[in-house]
Each structure stands twice: as C-alpha cells, then as structure tokens.
Amino acid sequence: MEKEELINKFIEMVLVENEKFNLTAITNIEEFKKRHIEDSLSPSKVFDFSNKEILDLGSGAGFPGIPLAIYYPSSKFYLVEPIEKRATFLNSVKKSLLLDNVEVINKRMEELPKSKKYDVIVSRAVSELSILLELSIPYLKIDGILLAYKGKKGEEELIKAKNALKVLNAKVVEIQKEKINDNDKRNNLFIRKEKECDSIYPRLYQKIKKKPL
C-alpha cells in the first residue's frame, strides 16, 4: 500500500476501535487528519527522522509513532504504551498495515532496560515537561533528541523545567512553532542530551510525579 492508503487505513482502524473504548474525541475525518496526522508529521518540516531508532513514549492510539513509521520506513519505531488494551490495538495496527519497522512495548517507560539507548524519543500529550524529561533523557544516546510535542503552554513548561534540563544534562536546541487552527497552537520542543546523566534516573514514576526535578 502507498503511504496515503496506509494512513487512511490507520484512521479507519482508530475510528472503529474508538467505538469500543475511547481513543480520540475527534471523529470527523478531515479534523482527524489535521489534528492527529498532520500534527504528528509536522516536525518533519525541520527534522529528518530517517535511519534512526525512535521511541514513542506513551503512544496511546499511535500518535505520533504510527504516522512517522509509515513515512519513515528506514527507521525503527518502538511504541511504548503501558495500557494493555491500547498496546493490543497498536499490535493490530502493526499487523494490518504490515509495519515491520514497528515494535510495541507494553510497559511503563521507567521499566525499560537502561542499557538500550535511542537516537530520538518523541512524546505527544503525555505529561508536564519536567516529568517527561526525567522519563526520556536517560534513554537517549549522547546527542540524541527528545521531541516533546507541546501546546501553547509549552514555553511556560520549559521555564518550569529549567532545573530538570540542568540535572539531566540536556539543552533545548530548537522550538518549532506550528498553528493547528486559530485556537490551537503547537510548540514542538527539540531537546538534546549533551552528556550522560546520573544512573539514579529515571526514578519510579510515583516519585517523579510527587517531586519533579
């Protein structure tokens, strides 16, 4: 199947599954494409996802991991999703769309082995940036990139996450500003890991949430 066919099949699968349990509040096809598909792919305007090992933290219904995997077949995508029903759905998408470059991991991020490092970690609508940084930066290679898809409050979160960036040896290298519609703006934060961080990170999620860096 061509990329556009794969995307349309993926949308169809999400909307069918959505009738069983909630994956998205958006059921209009055109709005779905704009808010989920185009949004997932928007960083491609400034970043090349080719030939990389990429982890999607909290993949949910498969955003941004599945659209990126369709458009970048040369890269390997690891979709981390702790909720079993969603992970099962992601595996069905992988099978139906014949996405050999996708692996679904039904675990919490902090349960992953620290020995495995990734070139890029992407995360969309998962948590506050200070929490997201601790969950992701330890799993990046040196010079690896965390791409945090953030809304209009992204720069506010960045100010609050100043200490987390310092502690985890990470630095913001680019902020891509996108407009989804008149009321919905996107700040895509590209954050680079400059050197290895302390092996105590990430802490257990309950501790991270209770006392973010």
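Residues: numbered from 1 along the sequence shown.
A salt bridge is defined here as a Lys NZ or Arg NE, NH1 or NH2 lying under 4.0 Å from an Asp or Glu carboxylate O, and Glu178 with Lys45 meets this definition. Note on Arg124 versus Asp39: salt bridge recorded, some NZ/NE/NH1/NH2 to OD/OE distance being below 4.0 Å. Salt-bridge formation is detected for the pair Glu196/Lys117: a Lys NZ or Arg NE/NH1/NH2 atom is positioned less than 4.0 Å from an Asp or Glu carboxylate oxygen. Ionic pairing of Glu84 and Arg86 is not present here: no N-O contact between side-chain nitrogen and carboxylate oxygen is shorter than 4.0 angstrom. Comment: Glu53 engages Lys116 in a salt bridge, judged by a side-chain N to carboxylate O separation of less than 4.0 angstrom. Using a 4.0 Å cut-off between charged side-chain N and carboxylate O, Arg203 and Glu110 make no salt bridge.
Side-chain atoms of Asp143 never come within 3.5 Å of backbone atoms of Glu194 as a donor-acceptor pair (strictly under, hydrogens ignored). Of the possible donor and acceptor atoms, one in the side chain of Glu5 sits under 3.5 Å from a partner among the backbone N and O of Glu2. Checked by atom type and distance alone, the side chain of Tyr72 never pairs as donor or acceptor with a backbone atom of Asp48 at under 3.5 Å. Formation of a donor-acceptor pair under 3.5 Å by the Arg192 side chain with backbone atoms of Ala170 is not found in this model. Side chain of Lys94 to backbone of Val102: a donor-acceptor contact under 3.5 angstrom is found. Between the side chain of Ser130 and the main chain of Ala161, no donor-acceptor pair closer than 3.5 Å is present. At distances below 3.5 Å, not a single donor-acceptor pair connects side-chain atoms of Ser74 with backbone N or O atoms of Ser50. Side-chain N or O atoms of Ser136 include none that pairs as donor or acceptor with a backbone N or O of Ile121 at under 3.5 Å. Without hydrogens or angle criteria, Glu17 side chain to Val14 main chain gives no donor-acceptor distance under 3.5 Å. Looking only at distances, a side-chain donor or acceptor of Ser44 sits under 3.5 Å from a matching main-chain atom of Leu41.
Ile70 approaches Pro73 most closely through the heavy-atom pair O-CD, 3.9 Å. The two residues Asn106 and Glu81 make their nearest non-hydrogen contact at ND2-O, 2.9 Å. Nearest approach of Cys197 to Pro138, heavy atoms of both residues: SG-CA, 3.8 Å. Considering all non-hydrogen atoms of both residues, Pro43 and Ser40 come closest at CD-O, 3.4 Å.
Under the 4.5 Å side-chain contact rule for hydrophobic residues, Leu79 and Val126 do not share a cluster. Under the 4.5 Å side-chain heavy-atom criterion for Ile, Leu, Val, Met, Phe, Trp and Tyr, Val122 and Phe77 are members of the same hydrophobic cluster. Hydrophobic clustering (side-chain heavy atoms under 4.5 Å, transitive across Ile, Leu, Val, Met, Phe, Trp, Tyr) keeps Tyr149 apart from Leu129. Linking Ile, Leu, Val, Met, Phe, Trp and Tyr whenever their side-chain heavy atoms come within less than 4.5 Å puts Leu168 and Leu57 in one cluster. Side-chain heavy atoms closer than 4.5 Å link hydrophobic residues (I, L, V, M, F, W, Y) into clusters, and following such links, possibly through other members, connects Leu68 to Phe89.
Side-chain contact between Glu174 and Val46 is present, with heavy atoms from C-beta onward closer than 4.5 Å. Within the 4.5 Å cutoff, the side chain of Ile7 has heavy atoms near those of the Pro67 side chain. Counting only heavy atoms from C-beta outward, the side chains of Glu128 and Pro212 never approach each other to under 4.5 Å. Within the 4.5 Å cutoff, the side chain of Leu112 has heavy atoms near those of the Tyr139 side chain. Here the side chains of Leu133 and Leu165 are in contact, with some heavy-atom distance below 4.5 Å. Contact check for Gln176 versus Asn187: no side-chain heavy atoms found under the 4.5 Å cut-off. Looking at Tyr201 and Ile208, their side chains never come closer than 4.5 Å, going by heavy atoms from C-beta outward. Looking at heavy atoms from C-beta onward, Ser42 lies in side-chain contact with Asn188 at the 4.5 angstrom threshold.
Interatomic distance, CG of Leu158 versus CD1 of Ile191, reported as 6.5 Å (0.5 Å rounding). Here the straight-line distance linking atom NZ of Lys9 with atom CD of Glu12 works out to 4.5 Å at 0.5 Å rounding. Within the model, atoms NZ of Lys52 and CD1 of Ile145 stand 9.5 Å from one another, a figure rounded to the nearest 0.5 Å. Remark: Leu132 CG to Glu157 CD distance equals 8.5 Å, nearest 0.5 Å. The distance from the CD1 atom of Ile137 to the CG atom of Leu146 is 5.0 Å, given to the nearest 0.5 Å. Atom CG of residue Asn163 and atom NZ of residue Lys160 lie 14.5 Å apart, to the nearest 0.5 angstrom.
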Chi angles and distances behind the side chain to side chain contact (heavy atoms under 4.5 Å, CB included) call for Val93, Ile66: CA-CA 9 Å; Val93 170; Ile66 295 293; 3.9 Å; yes
Trace of the side chain to side chain contact (heavy atoms under 4.5 Å, CB included) decision for Leu90 with Ser59: CA-CA 9 Å; Leu90 292 172; Ser59 195; 3.9 Å; yes
Pair Glu111-Arg108, side chain to side chain contact (heavy atoms under 4.5 Å, CB included): steps then yes or no: CA-CA 5 Å; Glu111 293 171 345; Arg108 296 192 66 86; 3.7 Å; yes
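For Phe10 and Phe63, the gap between ring centers is short of 6.0 Å.
More than 12 non-hydrogen atoms from other residues, nucleotides or ligands lie less than 6.0 angstrom from NZ of Lys114.
The salt bridge (Lys or Arg N to Asp or Glu O under 4.0 Å) test with Asp119 singles out one residue from Lys76, Lys193, Lys141, and that residue is Lys141.
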